[in-house]
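Some notes on the structure that comes next.
Convention: sequence-line order gives letters A, B, ...; per-chain numbering from 1.
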Amino acid sequence: MTMLSKLFRIEFLKIRRSLALLMVLVCPLMVVVLVFGVGLKQTGMADFHEKTWFAVWQTCTALWCYFMLPLYIALITGLLNGNEHKNQTWRLMLALPISLRQLYIVKALMAWTFVIAANLLLAIYIFLVAAVLGRLGYPMLGAFEYPIWHAVLAISLACFPILIIQHAISWRFSNIVFPLATGVIATMGIVQLGSSKYWVYYPWSYTLMAVNGSAPDMQQKALLLATGLGAALFALTCYWLGKREVS
Amino acid sequence: MARAVIEMTGVSKAYGHRNVLDQLNLTVPEHSLFAFLGNNGHGKSTTIRLITGLLKADQGDIRVLDFDIKKQRHEVLKRIGCLIDYPSLYPNLFAAEFLSIGCTIKGLPKQEIDRVLELVSLRDTGKTLIAHYSLGMKQRLALAHALLGKPELLILDEPTNGLDPEGINDIRRLLMHLPASANCSIFFSSHQLDEVEKTASHLALLRDGRIRFQAAIGDLASQLEGFLCLDVGDANRASSLLASLGHRAEITGANTLRLAGISRQNAGLIHAGIINAGLDLFESTYQKPSLEQWFLQSTDIATNDHAK
């Protein structure tokens, strides 16, 4: 077993019985409950046709992308790194035969795993609610035709730059206010900048554009930008933060 | 001469413009229980972090178990166990889960967890989360983590800090027993001087980033000069007599005197001088200074040197 896979297992162990596990279940659920709650209140059973289902799926992914996901990323990276800051366990870990860089990489991958899990759960929750509504007699035409797996993949890739930014901040600062404040402030800008021509300069808008961009080339552009910027930020922060001393 | 498990030569470290360690030289012999003494803020923790590779020295060489810590950090960390500062633990885990972290990274079998839990008497904690442990239990668990894989060298930063007397006694017994039973050397920093006196085989005194004194405890004891307390018929007459013999005595009562910096041989000569002068000598007590008195004296001297 390589050291990275050992560390990955250890990171999973460390978050047992912690808030991080609860958040992965709760955050996507909140979005689904909110969208279906509003949708069912506004639309009667008879009006639930193909376009309504598509709109429900799209609203779920959009709300997830421009509101809950950036906050969830800030929270999850904050919790994973905050675990070490709060318990002063950096020294414990780094007095073992591992490098700072390995730990940084594994924590980033761990946070990404949590984000992918939350993206998948979002899709599963929508499926489940749609299935329950079908049982209750709602028309099911077009209920499962939204390209959700494509969306899950696109969101998971497009969120990588902001995940690295949040991870680096959470790693660097012991006070959880820094990563959370960054997440909240950046989330507030998504709607304004995401709908302007400047969205390319704003990594927080990439997930929304990758899924709900007005044209397919815009979606592709968002994915390309996210992958390139994400990889560059990861390499840069890995080099810079991996050199720091642990005092 | 015993092999050195830690060898620091000309090590300097600064934080910004503040020099914390200045040309520090330190040698820790194998199988020793080495106490590292010094006041707060004088570089003890920095030294320990340099030895474990958490910090990088600005200058000088550090060899641990014959490996260069700069170039072979992982080789060193595979062979040593560390307890650095406050017991850093994950409160949401059980003891066995916590220990499996070190076990997995060092590639040790799971039986190792039971062995170290037994060593620190935490075998029965079972399904109690670390969050519910007392400070003493946490300290013992952190020590158990350091003991994983039978390390050749244990590095402990204030291992008894914050413990109650019973906890201190437990740790002390464990540490004293380890060099012989587990064939390891122990390097520990401490403020508990009475504990150092009871446990350590060697010590070093750090002051202002430099080692001021380094020796085996036995050598220190033979170098220390003691106090002679005398109960005499007339303290003033005895004091004058001793002054004429070249000894400065402090009068502590109508019939009592105290002489500092006296060796055992000199004590005999002083007794003879008083009796030969026809003065009464009722009682004489020779006292060696405690490590605490020595430490306070040494750090005081060092402070005065520094002030000059």
Check: By a 4.5 Å heavy-atom criterion (distance strictly below it), what part of L129(B) contacts chain A: side chain, backbone, both, or neither?
Finding: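 It is the side chain, since no backbone atom gets that close.
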
Note to self: Given the ring of Y90(B), does R17(A) sit roughly above its face, with NZ or CZ under 6.0 Å from the centre of the six-membered ring and within 45° of the axis?
What the structure shows: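 Not satisfied by the 6.0 Å and 45° rule.
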
[Y] and [X], any side-chain heavy atoms less than 4.5 Å apart:
{"X": "T104(B)", "Y": "L7(A)", "result": "no"}
{"X": "W90(A)", "Y": "L54(B)", "result": "no"}
{"X": "S88(B)", "Y": "M93(A)", "result": "no"}
{"X": "L94(A)", "Y": "R73(B)", "result": "yes"}

Notebook entry, point to check: Under a 4.5 Å heavy-atom cutoff, which of L89(B), T52(B), I80(B) has the most pairs with chain A?
Noted result: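 With the most close heavy-atom pairs to chain A, the winner is L89(B).
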
Check: Pick from L83(B), I101(B), L148(B), I155(B): which one has the most heavy-atom pairs with chain A under 4.5 Å?
Finding: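 Winner by heavy-atom pair count: I101(B).
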
Which pair of non-hydrogen atoms, one from [X] and one from [Y], has the smallest distance, and what is that distance?
{"X": "H74(B)", "Y": "S99(A)", "answer": "NE2-N, 3.8 Å"}
{"X": "A95(A)", "Y": "L77(B)", "answer": "O-CD2, 3.5 Å"}
{"X": "M3(A)", "Y": "I105(B)", "answer": "CE-O, 3.6 Å"}

For the [atom1] atom of [X] and the [atom2] atom of [Y], what is their distance to the nearest 0.5 Å?
{"X": "C82(B)", "Y": "L96(A)", "atom1": "SG", "atom2": "CG", "answer": "8.0 Å"}
{"X": "T89(A)", "Y": "I84(B)", "atom1": "OG1", "atom2": "CD1", "answer": "12.5 Å"}
{"X": "L93(B)", "Y": "R16(A)", "atom1": "CG", "atom2": "CZ", "answer": "7.5 Å"}

Check: Can you say whether L13(A) sits under 4.5 Å from chain B via the side chain, the backbone, both, or neither, judging by heavy atoms?
Finding: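 For L13(A), heavy atoms of backbone and side chain both lie under 4.5 Å from chain B.
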
Notebook entry, point to check: Does atom CE of M23(A) have more than 12 heavy-atom neighbours from other groups under 6.0 Å away?
Noted result: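 Result for CE/M23(A): enclosed.
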
Notebook entry, point to check: Under 6.0 Å from the CZ atom of F67(B), do we count more than 12 heavy atoms belonging to anything else shown?
Noted result: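 Yes.
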
Check: What residues form a salt bridge (charged side-chain N to carboxylate O under 4.0 Å, His left out) with E11(A), not counting sequence neighbours?
Finding: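 E11(A): salt bridge (charged side-chain N to carboxylate O under 4.0 Å, His left out) contacts with K14(A), K107(A).
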
